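Everything numeric here is computed off the predicted structure, so don't read it as measured data.
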Amino acid sequence: MNPLDTITLTGLRANAFHGVFDSERRDGQVFVIDVVAHLDLAAAGRSDDLEQTVHYGVLAEEVVAAVESDPVDLIETVAERVAAVVLSHRAVKLAVVTIHKPQAPITVPFDDVAVTITRAAASAAPQSIGFG
């Protein structure tokens, strides 16, 4: 099998109210999201047909909507939610999602806090995902 191709969305921004502290739930903050969708783009490249790929504009809107929906305590939970959105696109075999929380309530100087998860589509058996 050929290695999978990627569609990458970097630096999506969403205003949301996730966090364990009352102030985070009350005031909200900006979350930054990076998504890498692994899929086979050969058919789309040959046909020039949007239906053979994932519309990255639509995907970006879906990701931001998922982050901005129902507040949760953990950015890990937000990452799982986003991965499910990415994998809901039939062509996507693997999703890598990073949720950045640059305004996290940390008492020491920092640039960013982030969680990254990797999830495979149920239909993608481990041996069928090629890299390289």
Side-chain angles (χ1 to χ4, degrees):
M1 176 180 174
N2 292 333
L4 293 173
D5 306 307
T6 60
I7 294 175
T8 303
L9 301 173
T10 305
L12 298 173
R13 287 178 170 43
N15 293 305
F17 298 86
H18 308 297
V20 297
F21 296 114
D22 291 339
S23 60
E24 294 177 294
R25 293 293 182 104
R26 180 187 63 243
D27 303 333
Q29 59 192 287
V30 173
F31 292 81
V32 181
I33 309 98
D34 302 328
V35 171
V36 181
H38 295 262
L39 65 166
D40 184 350
L41 296 174
R46 285 190 303 271
S47 67
D48 199 32
D49 181 4
L50 182 59
E51 295 300 317
Q52 299 293 317
T53 185
V54 174
H55 188 305
Y56 51 78
V58 170
L59 180 59
E61 292 172 1
E62 293 170 345
V63 166
V64 169
V67 173
E68 291 181 340
S69 69
D70 308 321
V72 295
D73 288 344
L74 303 177
I75 58 175
E76 291 86 343
T77 305
V78 178
E80 291 287 351
R81 184 186 295 169
V82 170
V85 166
V86 177
L87 292 171
S88 73
H89 292 267
R90 184 174 36 93
V92 177
K93 305 301 181 202
L94 188 76
V96 179
V97 174
T98 302
I99 305 293
H100 301 266
K101 191 173 181 180
Q103 299 166 330
I106 296 175
T107 61
V108 297
F110 73 102
D111 290 329
D112 191 21
V113 171
V115 167
T116 300
I117 66 170
T118 302
R119 298 293 178 265
S123 63
Q127 65 272 19
S128 70
I129 297 175
F131 299 96

Measure across A104 and V113 and return the closest heavy-atom pair with its distance rounded to 0.1 Å.
CB-CG2, 4.0 Å
Flag side-chain contact, heavy atom, 4.5 Å: F31 against I75:
yes
Report whether V64 and L9 are members of the same hydrophobic cluster (ILVMFWY, side-chain heavy atoms less than 4.5 Å apart, transitive linking).
yes
Has D49 got more than 12 heavy atoms of other residues, nucleotides or ligands less than 6.0 Å from its CG?
yes
Closer than 3.5 angstrom, by distance alone: can the side chain of H89 be matched with the main-chain N or O of V92 as a donor-acceptor pair?
no
For residues E24 and Q103, determine if any side-chain heavy atom of one lies less than 4.5 Å from a side-chain heavy atom of the other.
no
In short, A95 meets V86 closest at the heavy-atom pair CB-CG1, 3.7 Å
With side chains defined as the heavy atoms from C-beta onward, is the minimum distance between E76 and I117 less than 4.5 Å?
no
Separation between CD1 of I33 and CZ of R13, rounded to the nearest 0.5 Å:
9.0 Å
Would you find a donor on one side and an acceptor on the other, under 3.5 Å apart, between the side chain of R25 and the backbone of V72?
yes
Mind checking the OG1-NE2 spacing from T118 to H38? Nearest 0.5 Å is all I need.
7.0 Å
Check A37 against L39 and note the closest heavy-atom contact, atom names and distance.
O-CD2, 3.2 Å
Starting at CG of L12, measure out to NE2 of H100 and round the result to the nearest 0.5 Å.
10.0 Å
I7 side chain near L41 side chain, heavy-atom distance below 4.5 Å
yes
Does any N or O in the side chain of D40 come within less than 3.5 Å of the main-chain N or O of L4, such that one atom is a donor and the other an acceptor?
no
If Ile, Leu, Val, Met, Phe, Trp and Tyr residues are connected whenever their side-chain heavy atoms lie under 4.5 Å apart, and connections chain through other members, are L94 and V54 in the same group?
no
Nearest heavy-atom neighbours spanning F17 and P71
O-CB, 3.4 Å
Does V67 offer a backbone N or O that forms a donor-acceptor pair with the side chain of H18 under 3.5 Å?
yes
Non-neighbouring partners of N15 that pass side chain to side chain contact (heavy atoms under 4.5 Å, CB included), sequence neighbours left out:
V30, E68
Could you tell me which non-hydrogen atom of S69 sits nearest to which non-hydrogen atom of R81, and how far apart they are?
OG-NH1, 3.0 Å
Give a yes or no on whether Y56 and V82 share a hydrophobic cluster (residues Ile, Leu, Val, Met, Phe, Trp, Tyr; joining criterion: side-chain heavy atoms under 4.5 Å apart).
yes
So, for P102 and V32, which heavy atoms are closest and what is the spacing to 0.1 Å?
CG-CG2, 4.3 Å
V96/T116 under side-chain contact (heavy atoms from CB on, under 4.5 Å): CA gap, chis, key distance, verdict
CA-CA 7 Å; V96 179; T116 300; 3.8 Å; yes
